[in-house]
Amino acid sequence: MHFLGHSTIRMRLGGHVVLSDPVLTATVGGLRRVIPPPDPRLWRDAELVLISHLHGDHLHLPSLRLLDPGVRIVVPHGAGEWLRHKGFRAVTELGVGERIEHGGLTVTGVRAVHSGHRWGPRCTAGPDAPALGHLLEADGERIYLAGDTDLYPEMAELAPVHTAALPVWGWGPNLGPGHLDPERAARAAELLRARCAVPVHWGTLAVPLLARTARMRRLLVDPPRRFAAAVAEAGLRTRVLLTEPGAEVAG
């Protein structure tokens with residue numbers, strides 16, 4: 001498993017290379033990467049792409065266009081036609097509680113508490129599809145990719161998981177609704193009974209001018225460390241695999 005930045009994870013599971021929410025370029029709309037883009041050797045061989053929701057920092061069309069044209073892209077139910085109109089051929093839709101098989105890998109769509117509209121929760125025009133998390137199962141392992149979500153009690157129904165990729169912040173100085181902060185992410189790790197947790201959704205994207213402020217510089221570094229401290233303070237058995245953006249997860 002590699003944490004490529006923001007919510008982008010590359011993993012090999014069930015004999016397949018999976019990429020989540022690929023953000024692979026130097027800019028994402030008005031946001032700029034504060035770290036270099038990931039090495040193409042880490043995403044060129046992707047066979048399956050999992051999209052958690054339609055926001056531009058998770059379904060990033062320029063990044064998807066860098067991938068092999070035939071790569072299978074799994075999107076929330078209701079978003080397939082929109083993405084096909086953008087020129088992508090191998091699109092599969094997935095809803096909460098639904099499963100797909102990809103060789104020896106099973107992917108189940110699970111609930112996420114987050115706006116699914118492409119342009120945000122207050123918009124009514126444009127593509128809209130419920131946000132998802134993903135539960136991946138293969139080789140006797142269960143891996144939970146949260147995408148973007150707030151805490152909800154039914155996370156406990158997914159337990160136990162071997163590894164949980166949990167968002168611990170975002171790209172701005174504040175978090176809006178539908179996100180986990182480090183302390184709620186620690187509670188999520190507890191509900192999931194996660195053996196390991198990889199903090200994601202931090203340290204990658206920022207508004208250029210804000211990135212120079214002292215508060216934003218701290219927020220590009222501190223959230224996963226606050227998460228690790230909250231896990232330790234709660235006495236959880238979860239092992240926090242704190243991985244810098246762009247690095248291999250050392251499990």
_Given 3.5 Å as the limit, does a donor-acceptor pair link the side chain of Arg217 with the main chain of Arg212, or not?_
yes
*Have a look at Leu136 and tell me which of Thr108, Val161, Thr163, Leu13 forms a side-chain contact (heavy atoms from CB on, under 4.5 Å) with it.*
Leu13
_Hydrophobic clustering (ILVMFWY, side-chain heavy atoms < 4.5 Å, transitive) - are Leu192 and Val198 grouped together?_
yes
*Honestly curious: do Leu158 and Val231 fall in one hydrophobic cluster under the side-chain, below-4.5 Å linking rule?*
yes
*asked:* I need the minimum non-hydrogen distance between Ala188 and Met155, along with the two atoms involved.
replied: CB-SD, 3.6 Å
*To the nearest 0.5 angstrom, please state how far the CG atom of Leu4 sits from the CE atom of Met11.*
10.0 Å
_Distance (rounded to the nearest 0.5 Å) between Arg111 CZ and Thr149 OG1_ = 7.5 Å
*In the single-linkage hydrophobic clustering (I, L, V, M, F, W, Y; side-chain heavy atoms under 4.5 Å), do Leu50 and Val249 co-cluster?*
yes
*At their closest point, which heavy atom of Leu54 faces which heavy atom of Ala79, and how far apart are they?*
CD2-CB, 3.6 Å
*Kindly write out the residues that satisfy ring pair (Phe, Tyr, Trp, His ring centres under 6.0 Å) with His134, not counting sequence neighbours, or none if the list is empty.*
none
*Hey, could you give me each pair passing ring-ring contact (aromatic ring centres under 6.0 Å, His included) that has a residue in residues 135-176? Not counting sequence neighbours.*
none
*Might you confirm whether atom CD of Glu233 has over 12 heavy atoms from other residues, nucleotides or ligands at distances under 6.0 Å?*
no
*asked:* Strictly distance-based, threshold 3.5 Å: is any side-chain N or O of Glu93 a donor or acceptor partner for the main-chain N or O of Gly80?
replied: yes
*Rounded to the nearest 0.5 Å, what's the gap from CG on Leu83 to CG on Leu61? Could you check?*
6.5 Å
*Stepwise, does the side chain to side chain contact (heavy atoms under 4.5 Å, CB included) test hold for Leu180 with Leu151?*
CA-CA 7 Å; Leu180 293 174; Leu151 190 69; 4.0 Å; yes
*If you look at every heavy atom in Pro167 and His201, which pair is closest and at what distance?*
CB-CB, 3.6 Å
_Phe88/Arg65 under side chain to side chain contact (heavy atoms under 4.5 Å, CB included): CA gap, chis, key distance, verdict_ = CA-CA 8 Å; Phe88 298 94; Arg65 291 189 174 111; 3.6 Å; yes
*asked:* Do Leu105 and Glu137 have side chains that approach each other closer than 4.5 Å (heavy atoms only, starting at C-beta)?
replied: no
_Partners meeting side-chain contact (heavy atoms from CB on, under 4.5 Å) with Arg239 (sequence neighbours left out)_ = Cys196, Leu241
*For the hydrophobic clusters of this structure (ILVMFWY residues joined by side-chain heavy atoms under 4.5 Å, transitively), does one cluster hold both Trp82 and Leu132?*
no
*Look at the side chain of Arg225 and the backbone N and O of Val221, then say whether any donor-acceptor pair between them is shorter than 3.5 Å.*
yes
*Starting at CD of Glu244, measure out to OG1 of Thr204 and round the result to the nearest 0.5 Å.*
9.5 Å
Side-chain donor-acceptor pairs of residues 15-30 under 3.5 Å, sequence neighbours excluded:
residue	atom	partner	partner atom	Å
His16	ND1	Glu47	OE1	3.0
His16	NE2	His102	O	3.4
Ser20	OG	Ser7	O	2.9
Ser20	OG	Ile9	N	3.0
Asp21	OD1	Ser52	N	2.8
Asp21	OD1	Ser52	OG	3.4
Asp21	OD2	Ser52	OG	2.7
Asp21	OD2	His58	ND1	2.8
Thr25	OG1	Thr27	O	2.7

_Expected output: side-chain Asp39 to main-chain Arg41 donor-acceptor under 3.5 Å_ = yes
_With a sphere of 6.0 Å drawn around CD of Glu98, does it hold more than 12 non-hydrogen atoms of other residues, nucleotides or ligands?_
yes
*Taking everything shown except Arg99 itself, do over 12 heavy atoms lie less than 6.0 Å from its CZ?*
no
*asked:* Could you check whether atom CZ of Arg226 has more than 12 heavy atoms from other residues, nucleotides or ligands sitting under 6.0 Å from it?
replied: yes
*Can Leu191 be reached from Leu236 by stepping across I, L, V, M, F, W or Y side chains whose heavy atoms are under 4.5 Å apart?*
yes
*Kindly compute the distance separating CG (Leu94) from CD1 (Ile51), expressed to the nearest 0.5 Å.*
12.0 Å
*When the ring planes of His179 and His114 are compared, do they come out parallel, tilted or perpendicular, using 30° and 60° as the limits?*
perpendicular
*asked:* For the residue pair Asp148 / His55, report whether a side-chain donor-acceptor contact shorter than 3.5 Å exists.
replied: no
*First locate atom CD1 of Ile73, then atom OG1 of Thr92, and finally report the distance between them rounded to the nearest 0.5 Å.*
9.5 Å
*Among Leu48, Val49, Val107, which one satisfies side-chain contact (heavy atoms from CB on, under 4.5 Å) with Val74?*
Leu48
_Under the side chain to side chain donor-acceptor pair (under 3.5 Å) test, residues paired with Arg12 that sit two or more places apart_ = none
*Walk me through it: do Arg84 and Arg89 pass the test side chain to side chain contact (heavy atoms under 4.5 Å, CB included)?*
CA-CA 6 Å; Arg84 291 185 194 100; Arg89 302 194 305 266; over 6 Å; no
*asked:* Looking at every non-hydrogen atom in both residues, tell me the closest pair between Ala230 and Pro182 and how far apart they are.
replied: CB-O, 4.4 Å
*asked:* If I compare all heavy atoms of Pro245 with all of Ile35, which pair ends up nearest, and what's the gap?
replied: CB-CD1, 3.2 Å
*Do His2 and Trp43 have side-chain heavy atoms sitting under 4.5 Å apart?*
no
*Between Glu101 and Thr106, do the side chains contain an N or O donor and an N or O acceptor separated by less than 3.5 Å?*
yes
_Please list all pairs meeting ring-ring contact (aromatic ring centres under 6.0 Å, His included) that have one or both residues in residues 217-251, counting only residues at least two apart or in different chains._
none
*pair Arg184-Asp150: side-chain heavy atoms closer than 4.5 Å*: yes
*Looking at Pro199 and Val168, what are the two nearest heavy atoms and their distance?*
CB-CG1, 3.7 Å
